[in-house]
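Written out below as structure tokens is the structure these notes cover.
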Amino acid sequence: IPESGHKYYLQFSTEDYRTGEDAGNCLATVLYPKKKSPPVVSIKCSHTKDQKEIQEEDNRLYQRIRHQSKPITGNNIPDSYGNIEPALEPVWALAVAGSSSIMWEKSTETLGYFLAQVKSVRQWMREDDFTEFDYTVLLHEMPTQEIISCHMRLKWLPGHPLKVKHFCASESHAAAEGSGAESGSAAGLSAEKGANF
């Protein structure tokens, strides 16, 4: 699109990242603006799971986190063999959702990212109903093969958007990119700026 950038039309299927089950089909348009900014995405999906089932899964995940007797902490998730301790599956699930907002913000037409590992995670105990975690995540940059380290503060309550603040650094970019927050879950996306942890 002259003066605007490149627009792509996509059709793809999705799957539940835990079970591998079919999760529906999507149609999307993605505009990569000429100026350096996140892509503009419009997406419509047909889900094989209904909203009630998604909310029930969110609530089960939330209850597992809330019923811990002490704050959750962990390192190297998954481990070097690709294993995730069952007790750490909820924090891995939140890391997948939270880091997707970082990957969306950093992606360009020529660079993409995958969550490689949670280096560390620590839960903050809160007086309210929200859950809050500090993560250090490693993102695999494609096609450069570089590993990008990002600090991520994540706050979540079922039925509310996932709030994510992040700051990323890499050896080649020194202490480069910080951002605001993206949020995502069954409840959708919203943004809030600031990288103060």
Side-chain angles (χ1 to χ4, degrees), residues 5-6 8 10-24 26 28 30-33 36-41 43 45 61 72-123 132-156 161-186 189 191 195 197:
H6 292 144
Y8 297 83
L10 303 148
Q11 181 176 357
F12 57 94
S13 59
T14 60
E15 64 179 37
D16 185 301
Y17 86 94
R18 289 180 304 111
T19 64
E21 293 174 3
D22 175 38
C26 300
V30 180
L31 172 66
Y32 285 100
K36 189 177 183 212
S37 61
V40 178
V41 179
I43 187 165
C45 296
L61 182 71
I72 299 169
T73 60
N75 294 294
N76 301 321
I77 309 164
D79 65 18
S80 55
Y81 299 103
N83 300 317
I84 299 173
E85 289 178 41
L88 295 175
E89 285 176 1
V91 293
W92 171 255
L94 288 174
V96 169
S99 63
S100 67
S101 67
I102 301 172
M103 293 184 272
W104 170 78
E105 186 174 294
K106 291 176 68 60
S107 291
T108 68
E109 282 182 278
T110 57
L111 285 179
Y113 298 88
F114 298 94
L115 175 61
Q117 189 179 50
V118 171
K119 283 306 287 177
S120 65
V121 59
R122 175 180 162 227
Q123 182 180 12
E132 187 167 0
F133 293 89
D134 265 333
Y135 287 91
T136 299
V137 295
L138 300 181
L139 302 182
H140 188 185
E141 185 178 86
M142 300 295 283
T144 67
Q145 302 298 320
E146 187 174 351
I147 297 295
I148 310 293
S149 177
C150 297
H151 179 86
M152 177 171 73
R153 170 77 58 94
L154 182 148
K155 188 168 80 170
W156 178 62
L162 188 68
K163 295 193 182 297
V164 178
K165 293 181 181 180
H166 75 272
F167 176 83
C168 297
S170 69
E171 288 180 24
S172 65
H173 301 108
E177 309 178 22
S179 97
E182 292 304 321
S183 44
S185 92
L189 293 174
F197 298 105

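Residue numbers start at 1 and run along the sequence shown. Here the structure is a predicted model, which is why all the values come from computation and not from measurement.
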Partners passing side-chain contact (heavy atoms from CB on, under 4.5 Å) against T144 (at least two apart in sequence or in another chain)
L111, E141, E146
Any chance you could measure M103, atom CE, to H166, atom NE2, to the nearest 0.5 Å?
11.0 Å
Do the side chain of Q123 and the main chain of F133 share a donor and acceptor less than 3.5 angstrom apart?
no
Rounded to the nearest 0.5 Å, what separation is found between the NZ atom of K106 and the SG atom of C168?
5.0 Å
Which residues pass the side-chain contact (heavy atoms from CB on, under 4.5 Å) test with C45, not counting sequence neighbours?
C26, I43, H47
In terms of heavy-atom contacts, P39 and S107 come closest through CD-O, 4.0 Å
Indicate the atoms forming the closest heavy-atom contact of L154 with G98, along with that distance.
CD1-CA, 3.9 Å
I need the L139 CG to L115 CG distance, nearest 0.5 Å.
6.5 Å
If you look only at pairs with a residue in residues 80-96, which of them pass as a side-chain hydrogen bond (donor to acceptor under 3.5 Å, both in side chains), with sequence neighbours excluded?
none
Can you list everything that forms a side chain to side chain donor-acceptor pair (under 3.5 Å) with Q11? Sequence neighbours excluded, please.
none
Please report the shortest heavy-atom distance between I102 and M152, naming the atom on each side.
CD1-SD, 3.8 Å
The reported gap from CZ in F167 to OG in S149 (rounded to nearest 0.5 angstrom) is 9.5 Å
Side chain to side chain donor-acceptor pair (under 3.5 Å) involving N75 - partner list, sequence neighbours excluded
none
With sequence neighbours excluded, tell me which residues meet salt bridge (charged side-chain N to carboxylate O under 4.0 Å, His left out) with D22.
none
Going from CD1 on I84 to CG on N76, what distance comes out if it is rounded to the nearest 0.5 angstrom?
12.0 Å
Identify the two heavy atoms, one from P78 and one from A116, that lie closest to each other, and give their separation to 0.1 Å.
CD-O, 4.0 Å
Applying side chain to side chain donor-acceptor pair (under 3.5 Å) to E21 and not counting sequence neighbours gives none
Taking side chain to side chain donor-acceptor pair (under 3.5 Å) as the test, write out the residues that go with E132, two or more places apart.
R126, R153
Residues passing the side-chain contact (heavy atoms from CB on, under 4.5 Å) test with E109, sequence neighbours excluded, are H6, Y8, Y32
d(C150 SG, K119 NZ) to nearest 0.5 Å is 14.0 Å
Y113 (side chain) donor-acceptor with S99 (main chain) under 3.5 angstrom
no
Please check this pair: side chain of T136 against backbone of S120, looking for a donor-acceptor N/O pair closer than 3.5 Å.
no
Taking C-beta and beyond as the side chain, do V91 and V118 meet within less than 4.5 Å on heavy atoms?
no
